[in-house]
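Have a look at the structure below before the remarks.
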Amino acid sequence: MQTATHATSTSPDADRGSPAAGRPLRILFFVDRHGLLRPYASLLPELVARGHQIHLAFSRTRRKGEGKLIRQATGGSPAVGYDVAPGRAELDGWRPLAWAVRGLADLARYTHPRYAAAPALRQRTAAKVVGRLSGPGELEPLGARLAGRVARRLAASTDAALSERVVRAAARLERAIPTSGRIERYIRERAPDLVLVTPALKYASEQVEYLKAARRLGIPTGVCVPSWDNLTNKGLLKVVPDRVFVWNEVQRREAVELHGIPVEHVVATGAQLFDEWFERQAGGTNEEFAARVGIDPTRPYALYLCSSSFISRAGEVDFVLSWLEALRRSADERLSGLGVVVRPHPVAAAQWHDVDLSDFGNAVVWPRGGIRPVAGQARADFFDSLAHSAAVVGINTTAMIEAAIVGKPVLTVLASQFGQESTLHFRYLLVENGGFLHVAASLDEHVEQLATALDDDPGDAARRARFVESFVRPRGRGLPATPILADAIEELAGVRVNGALPLGSRLLRVPLALEATLTSVALAARAGRRRAVARGR
């Protein structure tokens with residue numbers, strides 16, 4: 001199914017040996033938020049070491065502490081600059097119109113029967129899209145009623161034909177939506193040789209604007225997919241960039257089959273995010289680490305890795321407390337006295353601030369405030385917590401893959417409130433799909449599995465190794481992904497881009513421009529009323 005807007009470019013093979021090879025490049029990298037620098041903490045220094053200049057353009061306003069995060073991820077290099085990227089103006093009628101088109105495309109994606117068993121994903125998307133389009137939104141009244149009606153029908157349906165029809169219609173409308181003049185000026189002023197965007201997969205993502213503007217200016221574009229789940233549980237790619245950089249062949253198929261990206265545009269480079277895990281050595285001894293975090297240094301420990309807020313808000317704290325109770329009830333002394341380190345997810349750490357595990361004995365929440373392991377001591381601490389553990393437990397988190405790289409048995413318990421099996425990406429971890437994860441249907445079964453996993457049999461280790469090679473380093477376990485990704489980005493600079501707009505899109509733009517104009521008028525009137533109310537206070 002074709003779901004996205006095409007750009008015309010040469011194939012990867014045709015681009016090899018282009019004049020861009022070997023010369024310093026100016027790279028404009030649109031990053032949605034500062035936390036997304038973590039997956040590229042090894043890439044940015046690699047590109048700088050090759051003589052390239054990078055400008056980071058963030059979608060969100062900087063907050064306290066984010067400058068430090070940028071310096072950590074970039075090494076403070078003068079070859080890396082950053083600022084906040086512009087968006088469309090508040091009174092630009094094309095802005096809410098584009099949001100509606102993109103939001104409906106994303107909602108239509110989850111109307112497809114392939115997501116029938118993923119109610120949490122469907123509900124999350126519907127809440128974002130239907131809620132915005134059904135209320136007193138920014139579109140002019142007629143357009144708002146039409147968009148709201150379509151959104152409600154999509155949210156109430158499981159219909160492949162309807163899903164595909166709306167996605168195709170949204171793609172045609174996306175092609176007809178013009179680029180933003182202020183975004184084009186921003187890009188032109190920085191005169192990049194290529195434009196990168198990450199993640200470009202948020203619901204109704206405005207980062208589509210950067211890809212379209214760069215293409216219109218004849219600049220090659222690439223989307224960097226930062227994580228293993230992004231192509232299955234977020235929004236659609238609304239345009240076809242010249243390259244989509246993914247980890248592995250599984251994601252390559254996802255980009256083609258779920259997003260309509262031509263296969264020759266998708267490059268599997270491996271997961272550069274994890275390169276250092278293959279070389280890093282743990283600091284100190286197991287006993288020293290256990291003493292530092294506050295558990296019994298004479299016993300092994302299990303590391304519980306918390307999940308992001310999407311999962312954790314379903315009751316992860318209560319689940320962990322139940323899990324600890326099950327361990328302490330075990331007749332196996334190794335489990336009843338097993339050390340436990342609970343590591344909060346950095347974006348969902350607040351729920352752990354007042355949780356006291358002392359009643360369970362030999363168990364701690366660490367680090368209490370949740371720290372992003374981007375660089376320096378924070379990253380070393382995260383690695384050490386994995387490396388010194390005897391086993392790792394979690395619900396559904398990327399850190400499970402990191403644990404497999406480090407060579408640890410990884411376990412989970414299926415719980416209906418978390419809906420692990422309803423997500424497409426979770427299935428990749430299952431043994432029957434070439435994964436490594438020990439999956440239990442109950443806490444009692446999990447306790448038995450954990451007792452066995454503490455012995456870590458050779459067959460389990462072999463399964464982990466096979467998964468890591470295919471999923472994390474598909475070019476070969478001994479080949480770091482960072483230089484491979486850097487090579488692919490350099491190659492992108494040589495792609496020839498045709499930014500011409502098809503005739504059909506130019507014709508469709510005429511009625512859309514009327515809607516955008518009416519919406520601009522409605523936005524201006526609303527802003528005027530707000531100013532009048534403010535003056536009257």
Side-chain angles (χ1 to χ4, degrees), residues 1-7 32 59 87-112 125-155 157 162-181 183 197 199-213 215-216 223 234-241 258-261 501-502 504-520 522-523:
M1 179 180 66
Q2 187 60 47
T3 62
T5 305
H6 281 276
D32 180 61
S59 301
R88 286 188 181 271
E90 285 298 310
L91 300 184
D92 182 348
W94 287 107
R95 179 180 55 79
L97 178 57
W99 195 99
V101 169
R102 294 161 191 165
L104 289 172
D106 290 335
L107 186 55
R109 172 187 208 191
Y110 291 98
T111 298
H112 197 282
T125 311
K128 291 176 181 291
V129 179
V130 178
R132 180 162 172 173
L133 294 181
S134 295
E138 299 170 308
L139 292 174
E140 56 82 28
L142 182 60
R145 284 197 296 273
L146 176 60
R149 188 180 302 118
V150 174
R152 289 188 293 273
R153 183 182 176 192
L154 289 170
S157 304
L162 175 63
S163 169
E164 293 169 4
R165 189 162 62 250
V166 173
V167 168
R168 286 194 300 269
R172 289 193 295 271
L173 293 171
E174 183 66 65
R175 283 192 291 270
I177 294 172
T179 56
S180 163
I183 292 175
V197 177
L201 289 158
K202 286 178 59 180
Y203 297 107
S205 175
E206 293 185 359
Q207 289 189 309
V208 174
E209 303 282 0
Y210 308 129
L211 294 167
K212 293 174 65 172
R215 183 180 63 195
R216 187 172 185 276
V223 166
K234 289 183 170 53
L236 287 170
L237 282 170
K238 309 301 189 306
V239 300
V240 173
L258 302 182
H259 295 264
I261 307 298
L501 191 67
S505 299
R506 294 199 297 272
L507 295 175
L508 183 56
R509 182 175 294 176
V510 176
L512 287 180
L514 176 60
E515 172 65 23
T517 300
L518 293 174
T519 298
S520 294
L523 289 172

Does the side chain of Pro178 come within less than 4.5 Å of Trp94's, by heavy atoms?
yes

All heavy atoms of Leu107 vs all of Ala126, minimum pair found to be CD1-CA, 3.8 Å

So CG of Leu104 and CG of Leu133: to nearest 0.5 Å the spacing works out to 5.5 Å

Practice task
Output, in order, the C-alpha distance, side-chain angles, deciding distance and verdict of side-chain contact (heavy atoms from CB on, under 4.5 Å) for His112 and Val167.
Solution key: CA-CA 10 Å; His112 197 282; Val167 168; over 6 Å; no

Please check if the side chain of Ser520 supplies one atom and the backbone of Gly93 the other of a donor-acceptor pair under 3.5 Å.
yes

In short, Val101 meets Ala170 closest at the heavy-atom pair CG1-O, 3.6 Å

Exactly one candidate in Leu211, Val208, Leu237 meets side chain to side chain contact (heavy atoms under 4.5 Å, CB included) with Val197; the answer is Leu211

Tightest non-hydrogen contact, residues Ile183 and Ala213, listed as CG2-CB, 3.8 Å

Worksheet item: Mind checking whether Tyr210 and Ser59 have side chains closer than 4.5 Å, heavy atoms only?
Response: yes

_Check Lys238 with Glu209, please: is the shortest side-chain N to carboxylate O separation under 4.0 Å?_
no

What verdict does the side-chain contact (heavy atoms from CB on, under 4.5 Å) test give for Leu97 and Thr519, after you've listed the backbone C-alpha separation in whole Å, the side-chain angles of each residue and the deciding distance to 0.1 Å? CA-CA 8 Å; Leu97 178 57; Thr519 298; 5.6 Å; no

* Asked: Are side-chain heavy atoms of Leu523 and Pro96 found at a separation under 4.5 Å?
  -> yes

Check: Is there a donor-acceptor contact under 3.5 Å from the side chain of Arg506 to the main chain of Leu501?
Finding: yes

Here the gap from Glu515 atom CD to Leu139 atom CG, rounded to the nearest 0.5 Å, amounts to 6.0 Å

(message) For the backbone of Glu174 and the side chain of Lys212, can you confirm whether one donor and one acceptor N or O come within less than 3.5 Å of each other?
(response) yes

With a 4.0 Å cut-off on N to O distance, would you call Glu206 and Arg95 a salt bridge?
no

On a heavy-atom basis, the closest approach of Glu140 and Gly143 is OE2-N, 2.5 Å

**Message:** Would you say that Ser205 contacts Arg102 through its side chain, given a criterion of any heavy-atom pair below 4.5 Å between the two side chains?
**Reply:** no

**Prompt:** Is there a donor-acceptor contact under 3.5 Å from the side chain of Thr111 to the main chain of Leu154?
**Reply:** yes

inquiry  = Under a 3.5 Å distance rule, please check whether Arg509 uses its side chain to pair with a backbone N or O of Ala176 as donor and acceptor.
reply    = yes

**Asked** Taking the side chain as C-beta and beyond, is there a heavy-atom pair between Asp32 and Lys202 under 4.5 Å?
**Response** yes

Margin query: Under a 3.5 Å distance rule, please check whether Ser163 uses its side chain to pair with a backbone N or O of Ala108 as donor and acceptor.
Written below: yes

What one should report as the nearest heavy-atom pair of Arg109 and His259 is NH2-NE2, 3.3 Å

Smallest heavy-atom separation, Tyr203 atom then Asp106 atom, equals CA-OD2, 3.3 Å

